[in-house]
Every structure is written in structure tokens, then in C-alpha cells.
Amino acid sequence: MASNMMEQFLTCIECKEYFDGDLHAPHVLPCLHTCCTQCLKSRISKDEVQCPECREKFKASNNDLSGFPVDNARKHIVDCYRIQKKNEEYLCDECGTSSVKERATSRCKECDEFLCEKCTDAHQRTKLTRRHQLISSEKLKNSPLEEFHNKQTCAVEGHEGQPFSFYCTSKGCARPVCSVCVVRNHQQNGGHEVRDINDVYIENKRLVEGQLLDVKHKKTSADEAIELIEDNIQNLYLKESGVDEEIEAQFSECIKILEKRKEELKEKLASVSQEKKKDLEGRLDHLTKQKGQLDQACKFTDDLLQYSNAAEFLVMKDQVLNRMAQLKNQPVDVFPPHASTDIKFQATNMGDDFVNFSQSMGSVSVATPIEFLPNTRVQVHDIVVGKEQSPLLITMNENHSRPLSEADLDIKVEILNGKNYRSQAVVLDKTRSQGCYKAVFTAPKPGEYRALVKIMGMLLEPEGYVFKAKRIDDIGSESSLAYLTATEKKEAKDAIDSDSQEIKYVEKLNLQALATSRGKPLASSEIKTAVGEIICPDLSLDPLAAHPQNEVLENLKTMNNQKSRHRTPRNLSQAFQNFRGTIGNRSLGRTGRYYFEVNVSFFIKRSLRQDLVFEIGLCRKSDVDKHYTIDNHAFSYVVCARKCHICQTICLQGWNNGQRFYHSPITENSPPGTSFKTTYGFLLDARQRQWVVVDAKNRRFILRFKNIDLNKPLWPVFGLYNPDLINSSLTVRSGKDISSILEVPFDY
């Protein structure tokens with residue numbers, strides 16, 4: 001592979017011939033690809049030349065190639081490579097017009113020519129060349145690259161043989177000069193600034209090295225973005241197959257009635273997946289091209305720094321710096337960590353009513369807020385005080401502004417009055433009948449209100465949407481769109497009643513969820529223990545929900561990521577299929593303050609890349625098993641440990657809705673043999689809507705989640721990962737195991 005890379009570096013990208021000092025002189029284009037003189041001239045068209053590799057076009061007026069400097073170092077590297085690696089023989093460069101040239105036996109370093117035995121003798125006898133340094137062909141086979149570089153001398157008439165010892169940095173000059181040039185043509189009183197060539201070389205070499213480091217960092221971002229997109233493209237294929245199977249399963253019992261609908265959904269699945277893959281492949285093509293430019297820039301500059309001498313380097317430095325500056329300013333289209341490629345099949349309206357709802361059963365979607373937010377339209381209407389009406393109509397559009405009837409999206413609308421008192425509006429899904437969502441609200445008083453709209457947890461407009469509530473005599477005809485039909489009023493009432501019943505049900509569930517495996521309900525004194533005003537619920541781990549790679553021990557408090565060889569195989573029908581962990585036996589209440597602790601320990605067996613170690617969080621139960629982890633859900637609040645590619649160690653991180661907002665190392669490094677053990681405390685304050693994480697072992701504050709959404713119950717969730725790389729374990733401490741709690745101020 002190294003030999004192939006060297007061949008590519010030393011040959012023209014068009015004709016594949018080795019570079020030389022004649023027809024195949026190496027011209028470096030602004031894109032830092034190299035093409036020989038002959039090929040470059042053949043590609044000039046309409047005062048433009050196109051790079052045969054990346055297809056970029058550059059100006060070349062009147063067939064002038066002077067704007068594409070010759071990389072003189074490349075020819076010397078070619079000579080070295082062909083003699084030492086390819087064991088090739090050279091013919092004499094001085095045998096004149098003789099049709100049969102003799103084999104070269106030496107090389108003149110000053111003249112940069114290969115000479116046969118006769119020409120070598122003549123070279124040593126001639127007055128002008130007898131002091132030149134000649135190196136035999138045999139010696140060249142073991143000589144360093146420096147021996148192949150010729151001494152760069154001045155070409156000005158009368159200055160022959162004078163080495164380049166200085167560099168003129170004045171505008172319009174910027175080139176190596178000899179000592180005679182300095183005295184005659186580059187004097188300071190003539191506006192010239194002359195410096196030692198080695199000083200200029202070192203200074204500009206450091207400048208290029210700094211730019212190279214920046215470009216390499218940009219290249220790393222491009223590599224990571226490409227890898228992420230490739231992974232997501234692969235995930236799309238897998239998800240497409242999984243959703244296809246799910247559609248088949250849902251329709252198996254009503255195949256005769258729903259055959260037509262099933263085919264429609266499968267076609268939509270293929271269309272949605274193809275469109276998403278096309279979009280990702282487009283991004284991938286763009287990034288691949290950009291990465292190619294970055295790779296070429298890095299490779300060329302590395303080679304230039306490694307193989308060029310001072311004069312050769314300085315001839316190229318402006319070209320390199322221009323390209324580096326251009327690449328640095330090009331943004332890398334990094335794939336957002338929360339941009340989902342999860343294709344979902346919504347199994348709606350099935351069961352006893354499938355005949356009546358057969359035309360609307362199921363849907364296939366790729367619901368990502370990144371796609372919806374820029375193209376969402378919100379129509380605002382004034383409403384009548386005391387009337388149940390819709391001040392907002394929310395319509396999603398595709399990238400080309402066509403309406404998108406995406407059903408069952410998680411949309412929340414919060415209403416603020418003039419005093420910033422908050423209340424929730426009811427959101428009706430009217431996508432099938434009207435192509436939009438309606439926010440339903442009853443204004444208690446006249447005045448101005450502000451609506452904050454969240455789609456899948458992401459705020460649509462930070463300033464919100466302003467509407468007014470007016471008395472019926474003051475309202476105009478334009479408010480007719482705000483009125484609800486009788487059916488919509490019933491839907492809104494049912495939604496409100498459903499939320500109310502859910503709250504009552506959850507409160508009842510919290511009192512009963514701790515029933516033991518013997519089937520005997522617990523007494524109220526066993527359900528929870530209080531430390532001051534803080535409730536310490538008796539949490540345990542659900543062994544039935546645990547992913548097959550994990551094992552919950554008999555005490556229901558400890559989970560390992562290594563399964564015991566001696567345990568009886570368990571029934572996996574209720575086990576999580578995606579999430580690598582389990583869930584607590586109860587949710588946490590919507591009022592009050594709740595605290596529990598988790599002992600965490602792990603031992604690294606093999607080298608980690610960017611692998612996940614453990615995950616502890618709060619999440620809605622319906623979201624837990626949707627993915628491998630829970631950190632990308634809008635209503636999940638996660639603390640996890642993973643190998644960090646920036647710190648090169650294990651870091652504790654805080655995540656919500658696919659975005660990381662906290663990051664701190666917890667180990668000094670992470671080679672195999674690294675072990676870690678500590679205890680974390682978790683305090684949920686439902687009144688303040690905050691979840692606080694503390695280091696219970698060292699008694700210190702770590703991080704805080706704010707504005708926790710408690711509209712639906714949140715369940716404690718615990719995950720352990722990568723059993724082939726790590727041995728890990730966690731133990732829940734709760735109830736009577738808790739004797740003290742770190743005091744944390746909530747005005748932090």
C-alpha cells in the first residue's frame with residue numbers, strides 16, 4: 001500500500017507517467033493535485049483548465065501555466081525512488097542527439113544530470129564543471145534524499161553558480177535571490193527587504209504547519225461526519241427491513257380487507273426510506289469530495305514539508321497557504337447527533353374497528369424535528385374570551401414547502417398570559433382531515449397571550465406566537481378559523497379527561513407498583529422512606545424487562561452486564577429488544593421530591609473507541625425500548641459514561657433530546673486494566689421541575705437538569721453496555737438504605 005501511495009505521489013494523475021524536468025514537469029494546481037506539463041496543456045479549454053482528479057476549474061489565459069508552479073522537489077524524489085526502490089537504470093542526459101544513449105554511471109548534483117562514463121570524464125576535465133560534485137550510480141542506491149537535490153543557484157546572467165542565500169520579501173518580488181542579486185538589484189534603498197533564506201523558511205514552515213494542523217482537525221470532523229452518515233444509511237436498511245416485518249405482522253389477521261392498504265404503506269415505506277437514503281447519500285458525496293480535498297491538502301503539505309529544501313519549499317508556500325486558507329473556511333456539514341434516521345410504523349386504529357378505519361390504518365414516517373422545524377407554518381388567530389377555540393393552526397411542510405400530513409407527532413403548546421402564568425393547550429391531530437394540528441385553548445380574560453410551540457421537544461420559535469383574546473363584540477370575522485366543530489370540541493374534552501384520568505391512575509400505580517414477587521401488596525410504611533421532606537422510594541430493578549445481555553440478581557437491586565453461566569434461562573418475551581438495560585419497578589411522582597442512589601463500578605478489559613459504559617436516566621416508559629440508548633429522546637434525561645475521543649479517557653456526560661450539555665472526565669486514562677467505582681445520588685424535585693445529580697461518595701454537586709417535563713410519568717432507567725470490552729455492575733440504593741442526602745440549593 002505504501003508503494004502504491006508513493007507511485008501516486010510521483011506520477012501524473014492523468015497519464016500516470018513519472019514526473020521529470022521536461023514534458024512531464026509536475027505542476028501543482030490550486031487544489032493541490034499535481035499534473036504534468038503535457039497533460040495540463042492538453043486540458044486547457046476556453047482559458048480554463050480542469051483538474052483531472054477533482055474536476056475543479058482554474059483560469060489559464062493564453063495557455064499560460066505560470067500560475068501553476070512546478071514542484072522541483074518531486075523530480076528528485078522520482079529519481080531517488082526509481083533508483084533505490086525500483087532498481088531502474090538511467091540513460092545519459094549529455095549524449096547529445098545520439099540515437100543510442102549510454103547507461104548513466106553517475107549524477108552531477110550541480111547540473112542535475114545523469115552522465116555516462118565518457119560524459120563523466122568530460123565533465124571532470126571541463127573548466128566550468130570540474131569542481132562539480134559527482135556521485136556514482138552505485139552510491140546513489142544507498143544515498144539519502146538530500147543527495148538527489150541539486151543545489152539551487154541563480155539563473156540571472158552573470159550570477160551563474162551563485163547559491164540562493166537570501167529571500168526578498170518585498171511586494172512584487174517574493175523569491176530566493178543570491179548575494180550578487182542583493183548587491184545589484186535588491187538593495188534596501190530601492191524598496192527591497194532581504195532576509196536570510198533559512199529564517200524565512202523556518203518562519204513560513206511554522207505557518208504552514210499551523211495551517212496544516214487546522215486542516216487536519218477539519219478533516220477529522222469530515223471523517224466523523226462521513227462515518228456517522230454511513231452508519232445511518234446502514235441503519236436505514238435495517239430499519240426498513242424491521243418495519244416491513246412489523247407491517248406484515250399487523251396485517252396478518254385481516255389480510256383480505258387490508259391487502260390494498262398494506263401495499264400502499266409498503267410503497268410509502270420504500271419511498272420514505274429511499275428519499276432519506278438519497279438525502280444522506282447526497283451529503284455523503286459532498287463530504288467525500290470535501291474530504292478528498294482535505295486529504296490531498298494534508299498529504300501534499302506533509303510531503304512538501306518532508307521532502308523539499310528551503311528554496312523548493314518557498315516556491316510552493318504561497319500556493320499551499322492559499323489552499324489551506326480556502327479549505328479552513330469551508331464548513332464541514334457535520335451530521336447532527338440528534339438527526340434521527342429511525343423509520344416508524346404507527347399501528348393506529350387497529351383491532352375491532354379495523355373495517356371502518358381501514359383507509360387510515362398505520363403510517364410510515366421519519367419524524368425528525370430537524371426536517372420539520374424550518375418548514376413549519378403556524379397560523380395565528382384571535383379568539384373569544386371564555387370560548388373553547390383554536391388560536392393556532394400548525395402545518396408541517398416538506399423541503400419544497402409542500403404540505404406534509406405527518407400524523408401522531410409529539411407537539412406541545414404552552415400558553416403564557418401577560419403575567420407569564422403558564423397553562424397547557426390541548427393539541428388535536430387533524431392531519432388526515434385538514435392537514436394540520438390545532439391548539440385548543442380557553443382564555444379566561446381578555447388580553448394578549450403568547451404561545452410556545454414545541455415539536456418533538458424542540459422549540460419552534462423562541463419568542464412564541466402572540467394572539468389576543470377579545471370579547472365577542474370586539475372580535476372580527478377573521479376569527480372564524482378559530483372556531484371548533486362539535487366533533488373537535490368533543491375530541492378536546494376527551495383529551496382533557498384522559499390526562500386527568502392518567503394522573504389519578506399514576507398516583508394509584510405508584511402506591512401499588514412495589515408489590516413483591518410473592519404477589520403480596522406492601523404496607524404503606526414499606527413503600528417509601530423520608531429524609532426530611534425528601535421521599536426515598538423503595539426502588540428495585542425489573543428482571544423481566546432486562547435486555548438478554550444483562551442480568552438482574554435475585555435481590556432485584558443489582559444488574560451486571562455479564563450473564564452468569566449457572567443461572568436458569570429466563571423467559572425473554574417481556575425483555576427489552578433494543579435498550580441494553582432495564583427499568584425501575586415504579587415511576588416517580590409528579591409532586592414532591594424523590595431521591596435514590598446508584599453504586600456504579602466497571603473494569604475495562606479491552607481497548608475502547610468511543611464506547612458507552614453505563615447509562616442512568618429518567619424516561620417515559622413508551623420511549624425506553626425504541627433505541628439502543630435513551631439519550632436521544634425529547635423526554636429523557638440521561639447521565640452516562642463513555643470513552644471520549646477528545647479527552648481520551650472515560651467521561652461523565654449529561655444528555656437530553658440527543659444533545660450533550662455536560663462533560664467531565666472521571667478517570668485519568670482508559671487503557672485495559674482501568675477500574676472505577678463510585679456512588680451517584682439522584683434528586684428529582686417535581687415542584688421545581690429539576691433533576692439533580694450528585695457525587696454521593698465525595699459529597700459534591702455534579703450537574704442539574706432543568707425544566708423537566710412531568711406531563712407524563714418518568715421512570716428510572718438503567719443501562720450497561722459492551723460486555724465484550726467492559727465488566728460493569730450497578731446497584732440501586734433506596735428506601736431505608738438512604739440515611740442522609742447532600743443538601744443542594746435549588747436557586748443554583
Side-chain angles (χ1 to χ4, degrees), residues 221-249 265-288 291 332-347 362-372 399 406 408-410 456-458 547-549 575-581 608-612 615 617 619 622-634 636 638 640 642-643 645 653 655-660 717 719 721-725:
S221 298
D223 286 334
E224 292 176 351
I226 288 173
E227 182 181 359
L228 185 57
I229 289 180
E230 288 175 340
D231 290 344
N232 278 277
I233 291 175
Q234 181 63 30
N235 186 50
L236 273 172
Y237 284 105
L238 297 175
K239 286 294 182 179
E240 181 180 0
S241 175
V243 173
D244 187 87
E245 293 177 1
E246 185 180 356
I247 292 172
E248 290 286 355
L265 284 170
K266 293 181 73 173
E267 288 176 5
K268 183 177 180 182
L269 166 64
S271 175
V272 168
S273 178
Q274 181 62 31
E275 183 176 348
K276 190 67 177 177
K277 285 184 283 190
K278 183 178 179 181
D279 177 62
L280 289 174
E281 287 166 351
R283 290 190 193 180
L284 181 61
D285 289 342
H286 174 73
L287 280 167
T288 302
K291 180 179 178 293
V332 173
D333 184 18
V334 180
F335 192 68
H338 53 277
S340 172
T341 54
D342 186 21
I343 306 176
K344 297 186 295 184
F345 172 69
Q346 306 291 340
S363 64
V364 176
S365 64
V366 182
T368 59
I370 292 300
E371 295 171 2
F372 290 135
N399 291 332
E406 197 71 45
D408 303 317
L409 288 180
D410 181 14
M456 301 177 69
M458 297 188 69
H547 187 274
Q549 82 166 24
F576 290 141
Q577 300 302 308
N578 296 311
F579 177 63
R580 297 318 197 251
L608 304 180
R609 189 165 174 259
Q610 294 182 32
D611 302 288
L612 197 57
E615 192 173 43
C619 185
S622 59
D623 290 338
V624 175
D625 201 32
K626 288 183 177 179
H627 299 288
Y628 177 77
T629 67
I630 62 170
D631 56 16
N632 60 337
H633 299 308
S636 63
V638 178
C640 65
R642 67 179 74 208
K643 172 67 178 294
H645 72 284
Q653 301 177 357
W655 288 75
N656 171 238
N657 195 25
Q659 297 189 20
R660 187 185 69 194
V717 181
Y721 296 84
N722 297 299
D724 54 331
L725 305 176

Please round to the nearest 0.5 Å and tell me the distance separating atom [atom1] of [X] and atom [atom2] of [Y].
{"X": "Arg660", "Y": "Cys640", "atom1": "CZ", "atom2": "SG", "result": "9.0 Å"}
{"X": "Lys276", "Y": "Ser271", "atom1": "NZ", "atom2": "OG", "result": "13.5 Å"}
{"X": "Thr629", "Y": "Arg642", "atom1": "OG1", "atom2": "CZ", "result": "6.5 Å"}
{"X": "Leu280", "Y": "Asp285", "atom1": "CG", "atom2": "CG", "result": "11.0 Å"}
{"X": "Gln274", "Y": "Asp279", "atom1": "CD", "atom2": "CG", "result": "11.5 Å"}
{"X": "Ile247", "Y": "Glu245", "atom1": "CD1", "atom2": "CD", "result": "10.5 Å"}

Restricting to non-hydrogen atoms, name the atom on [X] and the atom on [Y] that form the minimum distance, rounded to 0.1 Å.
{"X": "Lys277", "Y": "Tyr237", "result": "NZ-CE2, 3.4 Å"}
{"X": "Ser636", "Y": "Ile630", "result": "OG-O, 2.5 Å"}
{"X": "Arg283", "Y": "Ile229", "result": "CB-CD1, 3.7 Å"}
{"X": "Ala634", "Y": "Asn657", "result": "CA-OD1, 3.4 Å"}

Full working for side-chain contact (heavy atoms from CB on, under 4.5 Å) between Trp655 and Glu615 = CA-CA 10 Å; Trp655 288 75; Glu615 192 173 43; over 6 Å; no
Do Val243 and Lys344 pass the side-chain contact (heavy atoms from CB on, under 4.5 Å) test, and can you show the C-alpha distance, the side-chain angles, and the key distance before you say yes or no?
-> CA-CA 7 Å; Val243 173; Lys344 297 186 295 184; over 6 Å; no
Mind checking what makes salt bridge (charged side-chain N to carboxylate O under 4.0 Å, His left out) contact with [X], not counting sequence neighbours?
{"X": "Arg580", "value": "none"}
{"X": "Lys643", "value": "none"}
{"X": "Glu281", "value": "none"}
{"X": "Asp611", "value": "none"}

Any donor-acceptor pair under 3.5 Å linking the side chain of [X] with the backbone of [Y]?
{"X": "His633", "Y": "Asp623", "value": "yes"}
{"X": "Asn656", "Y": "Asp631", "value": "no"}
{"X": "Asp625", "Y": "Phe576", "value": "no"}

Qualifying residues under side-chain contact (heavy atoms from CB on, under 4.5 Å), relative to Asp244, sequence neighbours excluded |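 Once residues adjacent in sequence are excluded, the partners of Asp244 under the side-chain contact (heavy atoms from CB on, under 4.5 Å) criterion are Glu248, Lys266, Leu269.
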Under the ring pair (Phe, Tyr, Trp, His ring centres under 6.0 Å) rule, collect the residues that match up with Tyr628, sequence neighbours excluded.
->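 Ring pair (Phe, Tyr, Trp, His ring centres under 6.0 Å) check on Tyr628 returns Tyr721.
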